Amino acid sequence: MTDTAPRERQLITLDVNGERHELLIEPRRTLVDALRHDLLLTGTHVGCEHGICGACTVLVDGAPARACLMFAAQAEGARIRTVESLAEDGELSDLQRAFTEHHGLQCGFCTPGFLMLAEGFLAERPAATKEEIREVVASNLCRCTGYQTIVEAIDDCAARRRKET
Amino acid sequence: MNDTTAAHQRATGHGRPTTPGGAWIGASVGRREDPRLLTGRGRFTDDIQLPGMLHAQFVRATVAHATVTGIDLSAVLDVPGVVAAFTAEDLELGDITARLGRPASEFVATAMPVLARDRVRFVGEPLAVVVARDAYAAEDGLEAAKVSYEPRPPVVSAARALAPGAPLVHDEAPLNTLLDVSMFATEGIDAVFDGAPHVVRVRASTGRQNALPLETRGAVASWDAREDQLLLQTCTQVPHQVRTVAARCLRLDERAVRVVVPDMGGGFGLKCVVGREEIAVAAAALRLDRPVKWIEDRKDALTASFLAREQHYDARAAFDADGRILALDADVVCDMGAYSCYPFTAGIEPLMASAEMPGVYKVPAYRVRGRAVTTNKAPTAPYRGVSRPQYVMVMERLFERAARELGMDPVEIRRRNVITDFPYTGVNRITYDPGSYRESLDLCERLVREEGWYAAREEAAAEGRHLGIGYACFSERTGYGSAAFAQRKMEVVPGFDISEVRMDTSGAVVVTTGTMSHGQSHETTMAQIVADELGLDIAKVRIHQGDTDRVTYGWGTFASRSIAVGGSAVRLAAAKLGEKLCRIAAARWELSPDAVELVTGGIRRRDGTGEVVGFPELADIAYLKAHLLPKDVEPGLSATATFDVFNDGTFSNATHGVVVELHPGTGQVEILAYLCVEDCGVAINPQVVEGQCRGGIAQGIAGALFEQVTYDDQGEPSATSFMDYKVPTAHEIPDVLIRHLQTPCAFTETGAKGAGEGGTIGAPAAVLNAVNDALRPTGTELDTTPITPETVQRAFGRTVEHPS
Ligand code: FES
Ligand code: FES
């Protein structure tokens, strides 16, 4: 049995949820693995590793991105936000509350991906219609809910935000 | 309650009974699982990191059927980061063998080795485990493995498997048949068919599907030297059954294995069997004396895990001139793939179909032959609904076909045949407890009419568009107890559940359940039951599941058993604890126990004084001032109860109504409306029930229109990623309008019936019937799923430009 030396590594800096982290990683390490296994931000999930399910969705400079399709090194210099950034002082955000009120999650495995997808989308398109929201929800997979309550949660959150402003 | 939960429930205002002082049962209490899952603080299997942890992946067969002539792992060990690699020979593990207590003429037991030895039977079968310092290096290691094969001819379809002279997948199973049962055969059935005015026939096939939990399988195994125990953390629906198999394969006492289930990202049946990989990972961890993690990648999840649902029916039904069914005769062949799953066996699908096919209808004569055949494809596990989506589809097709032949309305023919007098003992010797079959059918039809879909269908037809309306009326046996499973002749007989309720000195309780939530919200619904029974605030109730050291025993979660069986055990245990609290309170007041009663938060004197003693005070006596206890009351506050079902179980029921529009050019089936009238008895949490309906329906639609695992003629699976295995998105899955009926179950402790599978069961039949209704002008009738765009195009006589 051998335990051979590791492959070549590189030092990178990631800006995640407003904190800067230095990481020594293999160049092939994906962003999602760096977030989950190096920074222990395990809220971001992995459902396919090939860019379809969206469980790994995070915000990269405000825009939803598949963290399984990016190398961690490619995210240097960008502001990354994960699901761990949504609640403040132990209070769920309005989006998170809408998900629980509408029963938009069951097993919760897809949920962080949908939350970050919606967070990025609503910031960009606060006036989105329900149909546009459905379009966006169609970019991620959920096996438990049948999607209806996810669409309703996001739509309700958007409507409430519009009322407040 | 942690702060986030409290804050969340304050903020949302959902989390309490809707009426002040009202019952927790029946309220859409906010899910107690949600705060952690919404904030990224759930803990799933892949979130676990242990010091010194290594990562495993599996060398898998690249051919469907072969004799293995050699496995050379020497180059694997040279790959940077690889720590070890083991074959079956290295690990010396026992086999996993599932058995039925049936004669050899009916069932053949076959062994599934943890790692394949001299023979592989499907592409993806695990041959060796590679352990490395990280997951990337483990993958690298796989590429260096060399396996040599002497190919054998693969058997890739049920028809081929049953053909005379076909190669054998398991040498001990002639004609590749693992189960062959003929049942019921009502006397005189042939004469009924001969004399019947109408006989219709349906030959149907249903596609092989993957249950597809979004979280793939996985395990983290580590040896705990202090406890002298293996800790196996794995996402399973059946922790105690995994413990049994792991202990046997590893030759340990069961106490030396602790299975703990983290948060689970779905299961749907795929995780209710014992897999080989979790056992191999445990063995590797023991061998290396280091924690080892295995997380299945999506390719393996699609090709090498457990599949389901590939069934072939040849069914005939005889009807009288008024559309009443006279007899049913069915031949069911289920393609179970390469191995029999533990503990259910390859008999799971054909036995379910054979026993229960008559369903909601009064069928006077019945004969069925059910077979499980083995092929060189990934093995199967029970998948949400088990066979019921298939036989319900066939039954509903038979009724629709008969309606056409008789010129009857398809709802009317069902109305004439559904069971209306309960309890009803069917020709299949099953007794159906009260349900609302007829009522659900009537209400669903009325809703479709009120929503204007019949009128829309007329208008569309006038415009040359193709709208169709389809229904499925069905029931689903839930709450199978030991008696019902024993009828299947399983060697391992699931059924009962045990719960313990323990109150601490602060008056809070922890409750164990042997069931295993993987999205179904047990932490909320089970707590609602206890809160009601003890008059406690739900914040004082904590549910424990999925830990074989904390939970005495359990059968986990499958077959919609959790609330019906597990919830009943929970209620009984809480009631027992309530009695003990009453006795302590009564003694304190020097009253007899029946002079006091449970009220919210404590025990009250019945004598009108209104005096109440709170739980913390009683708990104080039970633990800290035991000298004050009456002589016949033991110190401590815990109660354990078991629950089992001694009859045929309880039947939930529903009618689904679907409206589709077909687009002849593209072959697309667009679902315009989906209505579901369901009855699962008392709904502990209506919002959760609706979630189960919607999610189930989405999976049923997936089977009806999109998903299918196919193989080429060499047994090579064609879908290895989500590019090829088309999982429906929010584009394809419609909103569902749900209406509830409530026929409480008389023998579960809460009146609840199971609710987990119904959605999945009704959808394929309802969608297929709607498509056929829309195809009416073409004269084509479809009996097979998934319904692909090509099938629809062909039905309209369009040339298919890009046949797949
Ligand atoms: S894990 Fe990234 S898209 Fe599925
Ligand atoms: S809630 Fe389970 S996958 Fe979406």
Side-chain angles (χ1 to χ4, degrees), chain A residues 1-7 26 28-29 33 36-37 40-53 55 82-84 86-87 90-92 96-97 99-101 103 105-112 115 134-152, chain B residues 3-4 7-8 11-12 14 30-31 33-35 37-44 46-47 49 77-84 133 135-136 212-216 263-266 268 295 297-298 518-521 687-688 690-691 694-695 697-699 721-723 727 729-731 733 735-736:
Chain A
M1 242 177 267
T2 50
D3 197 349
T4 351
R7 289 158 188 272
E26 284 185 30
R28 62 176 171 170
R29 197 153 182 87
D33 282 347
R36 289 178 47 75
H37 302 307
L40 304 186
L41 292 169
T42 52
T44 305
H45 295 152
V46 175
C48 71
E49 289 180 292
H50 52 258
I52 306 267
C53 75
T82 68
V83 68
E84 284 88 351
L86 292 179
E91 294 272 348
L92 298 182
Q96 290 168 315
R97 282 201 309 274
F99 265 68
T100 185
E101 281 170 30
H103 193 22
L105 65 155
Q106 291 182 23
C107 77
F109 197 78
C110 68
T111 311
L115 286 169
R134 181 178 288 278
E135 282 295 302
V136 169
V137 168
S139 40
N140 283 13
L141 296 180
C142 171
R143 193 59 165 175
C144 299
T145 62
Y147 304 105
Q148 178 177 347
T149 53
I150 297 178
V151 174
E152 286 169 354
Chain B
D3 287 349
T4 323
H8 139 76
T12 60
H14 108 292
R31 294 207 326 156
E33 293 85 346
D34 286 356
L37 297 173
L38 285 163
T39 51
R41 291 182 307 162
R43 191 172 64 241
F44 294 87
D46 191 29
D47 300 346
Q49 285 217 17
L77 298 172
D78 295 334
V79 171
V82 170
V83 175
R133 291 220 293 238
Y136 291 73
L212 211 101
L214 199 57
E215 177 204 38
T216 56
D263 280 318
M264 222 198 311
F268 316 118
I295 300 298
D297 69 16
R298 184 53 65 184
H518 43 289
Q520 296 91 336
S521 327
Q687 195 178 41
V688 166
E690 293 193 358
R694 293 204 167 91
I697 286 168
Q699 293 187 9
S721 78
F722 284 148
M723 317 272 193
V727 183
T729 69
H731 263 310
I733 301 301
D735 285 356
V736 178

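Because only heavy atoms are used, hydrogens play no part in the values below, and waters and symmetry mates are left out as well, while side chains stay in. Keep in mind that what you see is a predicted model, and the values were worked out from it rather than measured. Reminder, nothing fancy here: chain letters follow the sequence lines and each chain counts from 1.
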Task: Exercise: identify the closest heavy-atom pair between Arg143(A) and Phe268(B) - done: CG-CE1, 3.3 Å

Task: Where Gly265(B) and Phe109(A) come nearest, the two heavy atoms and their spacing - done: CA-CB, 3.8 Å

Open item on the list: Taking every non-hydrogen pair under 4.5 Å, which of Thr145(A), Ile150(A), Thr149(A) racks up the most with chain B?
Closed with: Thr145(A)

Task: Interchain contact, Tyr147(A) with chain B, by part (heavy-atom threshold 4.5 Å) - done: side chain

Open item on the list: For the backbone of Gly47(A) and the side chain of Arg298(B), can you confirm whether one donor and one acceptor N or O come within less than 3.5 Å of each other?
Closed with: yes

Open item on the list: Are more than 12 heavy atoms, taken from residues, nucleotides or ligands other than Arg43(B), located less than 6.0 Å from that residue's CZ atom?
Closed with: no

Task: Asp46(B) side chain reached by His37(A) side chain, heavy atoms, under 4.5 Å - done: yes

Task: Separation of Glu33(B) CD from Gln106(A) CD (nearest 0.5 Å) - done: 10.5 Å

TODO: Decide yes or no for Arg134(A) and Asp735(B): does some side-chain heavy atom of the first lie under 4.5 Å from some side-chain heavy atom of the second?
DONE: yes

TODO: Examine whether an atom of Asp263(B) lies under 4.5 Å from a heavy atom of chain A, and if so say whether it belongs to the side chain, the backbone or both; otherwise answer neither.
DONE: neither

TODO: Could I get the full list of side chain to side chain donor-acceptor pair (under 3.5 Å) partners for Gln148(A), not counting sequence neighbours?
DONE: Glu152(A), Arg694(B)

Less than 3.5 Å apart, which donor and acceptor atoms pair up between the side chains of residues 135-142 of chain A and the rest of the protein, not counting sequence neighbours?
| from | atom 1 | to | atom 2 | distance (Å) |
| --- | --- | --- | --- | --- |
| Ser139(A) | OG | Val136(A) | O | 2.4 |
| Asn140(A) | OD1 | Arg66(A) | NH1 | 2.7 |
| Asn140(A) | ND2 | Gly54(A) | O | 3.1 |

Open item on the list: Give me the atom names and distance for the closest heavy-atom approach of Gly266(B) to Cys107(A).
Closed with: N-CB, 3.4 Å

Open item on the list: Going by side-chain contact (heavy atoms from CB on, under 4.5 Å), Thr111(A) matches just one of Leu38(B), Leu214(B), Thr39(B). Which one?
Closed with: Leu38(B)

TODO: Could you have a look at Thr44(A), Asp33(A), Leu86(A) and say which one has the most heavy-atom pairs with chain B under 4.5 angstrom?
DONE: Asp33(A)

Task: His518(B), part contacting chain A, at a heavy-atom distance under 4.5 Å - done: backbone

Task: Contacting region of Glu215(B) [heavy-atom separation from chain A under 4.5 Å] - done: both

- [ ] Please flag which part of Leu40(A) lies under 4.5 Å from any non-hydrogen atom of chain B: side chain, backbone, both or neither.
- [x] side chain

- [ ] Would you check, one step at a time, whether the test side chain to side chain contact (heavy atoms under 4.5 Å, CB included) holds for Leu105(A) with Leu37(B)?
- [x] CA-CA 9 Å; Leu105(A) 65 155; Leu37(B) 297 173; 3.7 Å; yes

Open item on the list: Pair Ile52(A), Met723(B) - check side chain to side chain contact (heavy atoms under 4.5 Å, CB included), show working.
Closed with: CA-CA 8 Å; Ile52(A) 306 267; Met723(B) 317 272 193; 3.8 Å; yes

TODO: Starting at CZ of Phe44(B), measure out to NE2 of His45(A) and round the result to the nearest 0.5 Å.
DONE: 4.5 Å

Task: Heavy-atom pairs under 4.5 Å with chain B, option from Glu84(A), Glu49(A), Arg36(A) with the top count - done: Arg36(A)

- [ ] Decide yes or no for Glu690(B) and His103(A): does some side-chain heavy atom of the first lie under 4.5 Å from some side-chain heavy atom of the second?
- [x] no

